[in-house]
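Note sheet for the following structure.
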Amino acid sequence: MASKIKNPETIGLHGGEYRSDPATTAVAVPIYQTTSYQFKNAETAANLFGLKEFGNIYTRIMNPTCDVLEKRVAALEGGLAAVAVGSGQAASAFCLQNLCQAGDNVVSSTDLYGGTVNLFKNTLSMQGIEVRFADPKDPKNFEKLTDDKTRAYYGESLPNPYLRAFPIKEVADIGRKHSIPLIIDNTAAPVICKPIEHGAAVVMHSLTKYIGGHGTSIGGIIVDGGNFDWVKDPKRQPLMNQPDPSYSGAIWGRDVPKLTGANVAFAIRARVVLLRDLGAPLSPFNAFQIIQGLETVALRMKQHCANAEKVVKFLETQKKVKNVIYPTNHQGEIRERAKRYMKGGYGSLVGMDLGSREAGAKFIDSLKMLYHVANIGDARSLAIHPATTTHSQLNDQQLAEAGVTPGYVRLSIGIEHPDDIIADIKQALAA
Ligand code: PLP
């Protein structure tokens with residue numbers, strides 16, 4: 001039954017293959033707090049290590065609690081398989097490391113989370129993986145930066161601070177012409193945006209945000225859409241088409257579909273090569289916490305989106321607010337993209353410009369209910385003033401390049417009663 005479910009409200013509770021614990025019939029997903037699994041016999045152990053059989057080996061590579069989370073998030077995104085990892089950062093790094101060797105490159109959107117920018121510009125480049133940055137305003141910018149060594153395109157479905165929805169189909173279509181997969185970070189838009197339906201090959205999330213939803217646990221996940229032909233152009237995707245010496249010469253793009261009957265080479269390689277070699281698994285305890293969040297994420301997203309729209313309407317009436325940034329407040333094609341790619345709402349992130357650094361800081365200090373934190377997607381409403389925190393090293397011109405003005409305040413609207421959220425914002429604006 002579970003695998004046929006299409007609606008996100010139901011997937012959160014019943015998705016994947018889990019019905020009850022096979023050992024105890026417990027309905028809640030148990031926390032399998034174990035490092036290892038007793039092999040039935042020597043032959044089974046050999047088969048598991050040789051990938052002739054799939055099953056539990058060691059929690060760095062797989063775990064039954066994580067497995068339920070993986071199947072449910074894969075179902076939520078309309079993908080075929082998923083791999084949970086220790087953080088959203090690990091998920092982004094793995095997405096690129098799964099396709100790139102030193103000397104290869106990726107073309108990424110300029111509209112990215114700051115941590116991803118650091119990873120791409122500094123750490124991965126020091127390891128020989130070059131990331132080229134394309135303004136997603138014109139999807140052709142991705143093609144212009146492509147060469148023979150380009151292995152992937154990368155973007156965020158709903159990036160802040162600009163909140164310009166990403167042209168998913170446009171860039172995915174360009175990529176498919178060249179056998180280049182599009183990877184989408186869908187952290188800011190679970191449930192309301194389905195990148196795989198629009199042609200993305202891989203989706204990743206920071207589970208820390210909306211899916212976990214309660215600000216308790218760091219986690220990340222990579223979803224394989226199962227919709228990409230990894231072997232069509234072997235030169236374009238060498239890591240999927242060349243024998244892997246670390247796995248008795250396995251050719252992932254060719255062998256995984258044969259072994260599993262499913263087009264999930266990306267997920268399997270991420271698990272058996274990257275989790276094996278680089279570590280960074282999600283802990284079973286955090287997987288359990290995030291499963292509790294997943295049960296209600298569809299419901300929470302409705303409230304997040306409805307509340308954010310009410311806050312936007314309120315802010316637009318306020319003289320002290322110079323500009324309100326929201327996906328549908330853009331003009332022309334950028335606004336149309338939000339309407340095309342988001343269904344049921346436009347997320348909980350709202351930007352506002354209060355005109356000056358001092359006004360932004362004063363607003364933050366005057367909030368009584370909203371939390372001042374560097375996070376998004378919590379059930380509670382949150383606020384941050386980038387110019388005095390995350391972006392405090394930048395001058396006004398650098399701030400403008402990063403898409404924030406000195407008076408920019410980012411709000412992540414929670415699921416409290418909208419009147420209470422607006423009342424707190426109102427009194428902080430008055431201060
Ligand atoms: N992607 C986006 C869009 C994010 O906002 C974040 C964190 O803020 C990350 C990735 C990184 O996730 P994590 O903090 O779980 O490592």
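In listed order, ligands and their atoms are each counted from 1. We count residues from 1, following the sequence as given.
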Give every pair made of an N or O atom of ligand 1 and a protein N or O atom lying under 3.5 Å apart, one pair per line with both atom names and the distance to 0.1 Å, or write 'none'.
residue  : atom   : partner : partner atom : Å
ligand 1 : 1 (N)  : Asp185  : OD2          : 2.7
ligand 1 : 8 (O)  : Lys209  : NZ           : 2.8
ligand 1 : 12 (O) : Ser206  : OG           : 3.1
ligand 1 : 15 (O) : Gly88   : N            : 2.9
ligand 1 : 15 (O) : Ser206  : OG           : 2.8
ligand 1 : 15 (O) : Thr208  : OG1          : 2.6
ligand 1 : 16 (O) : Gly88   : N            : 3.1
ligand 1 : 16 (O) : Gln89   : N            : 2.9

Return all side-chain donor-acceptor pairs below 3.5 angstrom for residues 26-33, not counting sequence neighbours, or 'none' if the list is empty.
residue : atom : partner : partner atom : Å
Tyr32   : OH   : Asp21   : OD1          : 2.2

**Message:** I want to know whether Phe266 and Trp252 have ring centres closer than 6.0 Å.
**Reply:** no
**Prompt:** What distance do Ile184 atom CD1 and Leu158 atom CG have between them, rounded to the nearest 0.5 Å?
**Reply:** 11.0 Å
**Request:** With sequence neighbours excluded, tell me which residues meet side-chain contact (heavy atoms from CB on, under 4.5 Å) with Lys302.
**Result:** Glu9
Quick one: side chains of residues 282-291, donor-acceptor pairs under 3.5 Å with protein atoms, not counting sequence neighbours, listed by atom name and distance.
residue : atom : partner : partner atom : Å
Ser283  : OG   : Asn286  : N            : 3.0
Asn286  : ND2  : Ile218  : O            : 3.2

**Message:** I'd like to know if Glu70 pairs up with Arg271 as an ion pair, taking the criterion as any Lys NZ or Arg NE/NH1/NH2 lying under 4.0 Å from an Asp or Glu carboxylate oxygen.
**Reply:** yes
